[in-house]
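These notes concern the structure reproduced below.
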Amino acid sequence: MLRNVTGRGGGREMNEVLRLAMANKGETAESLAGKVGVDPKTAGRWIADGRVPHPRTRVAVATVLGRQAEELWPEPFRRRDLPWFREWADLEQKASSLRSYQPLLVPGLLQTEAYARGVLATGGLMSPTEVEEIVAGRMARQRVLERESPLQLVAVIDEVVLRRQVGGDRAVMVGQLGHLAELSEREHVQVRVIPAENPWHTGLAGPFVLARTPDGGEAAYLDNQLRGQVVTERADLASLSARWESVTGEALPRRQSIELIREVATTWR
């Protein structure tokens, strides 16, 4: 069996999966390092010592080798989410469509790595290791937008989300809004923005997500400061669906929303 595990003495074994993937592509530690922008000695340690690179580098290496990052380094992708989130995470992966309203943040499925890290690191409530683990998991969840039959996603956000800085560098917002505009151009993704000048509306009572599965099943997700809740009661789903119709009625059409996102992105440069 091909392994990358911690040895008895505390060291790490060779990452045989990575070594074979590199061999299949004709890559050496030196050539791979050059393509992903690291020192060759660092790339060598990924193989010989089983070291795990930074999430961004993992993705770059996987792209070069034509593999998935979790195939090469499965450990960071093992389920570490909180028990109350697992039910929704599973539903999210099975869903055929999602309708998401977020008044304060870019929805997780649309976040860049830098933006997600900025959100999670705020306040110092998590250790750097915990932050990186959750960021990696969030990036993995986004594959539902890349699969052969991609998730149909409609996200409504308030304009303040575009104008609130996340992370200590304005470049984080430039990258996030550029990413948001790019995703919005895809046929299966819509991002619609509620203008800041709009008065108070029902969505400001809190974020929510509505999911539909291929078999016609429905569920919703509500989040708060402590934990999230999966909702399946028909009356609750009907109430949230009515709120969804209300917030979409407040939002700009798709094309105007993209134009606003691109316009606000220029203010962060």
Side-chain angles (χ1 to χ4, degrees), residues 36-38 54-60 63 69 98-126 128 130-146 150-151 153-201 203-204 206-209 223 225 247-248 250-269:
V36 300
V38 300
H54 187 279
R56 185 185 296 108
T57 306
R58 291 199 295 267
V59 173
T63 300
L98 287 180
R99 293 173 290 167
S100 174
Y101 171 68
Q102 259 292 353
L104 301 175
L105 295 168
V106 173
L109 291 180
L110 302 177
Q111 292 178 4
T112 63
E113 186 178 311
Y115 183 95
R117 185 175 294 110
V119 170
L120 294 166
T122 298
L125 301 177
M126 297 183 189
E130 289 174 319
V131 168
E132 292 306 320
E133 288 176 351
I134 297 175
V135 168
R138 188 166 297 179
M139 297 302 103
R141 284 169 49 211
Q142 294 179 2
R143 288 197 304 276
V144 294
L145 299 176
E146 307 294 340
L151 174 76
L153 173 62
V154 181
V156 175
I157 60 176
D158 278 78
E159 185 178 342
V160 67
V161 174
L162 308 177
R163 299 188 183 278
R164 176 181 288 113
Q165 184 168 348
V166 170
D169 189 337
R170 294 173 68 88
V172 171
M173 295 304 298
V174 174
Q176 177 60 73
L177 269 57
H179 181 64
L180 204 57
E182 179 184 339
L183 288 175
S184 301
E185 298 283 0
R186 298 186 183 184
E187 186 176 349
H188 61 285
V189 177
Q190 286 190 49
V191 179
R192 296 180 57 191
V193 182
I194 298 177
E197 63 265 21
N198 281 32
W200 177 271
H201 56 85
L204 292 174
F208 61 93
V209 187
D223 208 351
Q225 288 279 350
V247 297
T248 54
E250 298 287 343
L252 294 171
R254 182 178 192 172
R255 182 52 51 185
Q256 290 182 36
S257 294
I258 294 174
E259 291 172 357
L260 178 57
I261 292 168
R262 295 192 185 282
E263 176 187 327
V264 177
T266 64
T267 69
W268 287 108
R269 296 193 179 102

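Hydrogens, waters and symmetry mates are skipped; everything else that's a heavy atom, side chains included, is used.
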Q. Is the backbone N or O of V193 less than 3.5 Å from a side-chain atom of S257, with the two atoms forming a donor-acceptor pair by type?
A. yes
(Q) When you measure from the side chain of Q142 to the backbone of Q111, do you find a donor-acceptor pair of N or O atoms at a distance under 3.5 Å? (A) yes
Q | E185/R255 ion pair, N-O < 4.0 Å | A | yes
Q. Are the charged groups of E113 and R138 less than 4.0 angstrom apart, N to O?
A. no
Under a 4.5 Å cut-off applied to non-hydrogen side-chain atoms, are [X] and [Y] in contact?
X    : Y    : value
M173 : Y115 : yes
I134 : M126 : yes
L204 : D158 : yes
L145 : P150 : no
R164 : L104 : yes
L98  : L109 : yes
E133 : L120 : no

Write down the atom of [X], the atom of [Y], and the distance for their closest heavy-atom approach.
X    : Y    : answer
R192 : L252 : NE-O, 2.9 Å
V166 : G118 : CG1-C, 3.7 Å
R163 : V264 : NH2-CG2, 3.4 Å
A196 : E159 : N-OE1, 2.7 Å
Q165 : W268 : CB-CH2, 3.4 Å
Y101 : P103 : OH-CB, 3.2 Å

Could you give the distance from [atom1] ([X]) to [atom2] ([Y]), rounded to the nearest 0.5 Å?
X    : Y    : atom1 : atom2 : result
M139 : R58  : CE    : CZ    : 11.5 Å
L151 : H188 : CG    : NE2   : 7.5 Å
T248 : I194 : OG1   : CD1   : 8.5 Å
R186 : E146 : CZ    : CD    : 4.5 Å

Q: Only counting residues at least two apart or in another chain, list the ones meeting salt bridge (Lys or Arg N to Asp or Glu O under 4.0 Å) with R269.
A: none
Counting only pairs under 3.5 Å, give me each side-chain donor-acceptor contact of residues 174-184, with atom names and distances, residues two or more places apart or in other chains.
{"from": "Q176", "atom 1": "OE1", "to": "T112", "atom 2": "N", "distance (Å)": "2.8"}
{"from": "Q176", "atom 1": "OE1", "to": "T112", "atom 2": "OG1", "distance (Å)": "3.4"}
{"from": "Q176", "atom 1": "NE2", "to": "L110", "atom 2": "O", "distance (Å)": "3.0"}
{"from": "S184", "atom 1": "OG", "to": "L180", "atom 2": "O", "distance (Å)": "2.6"}

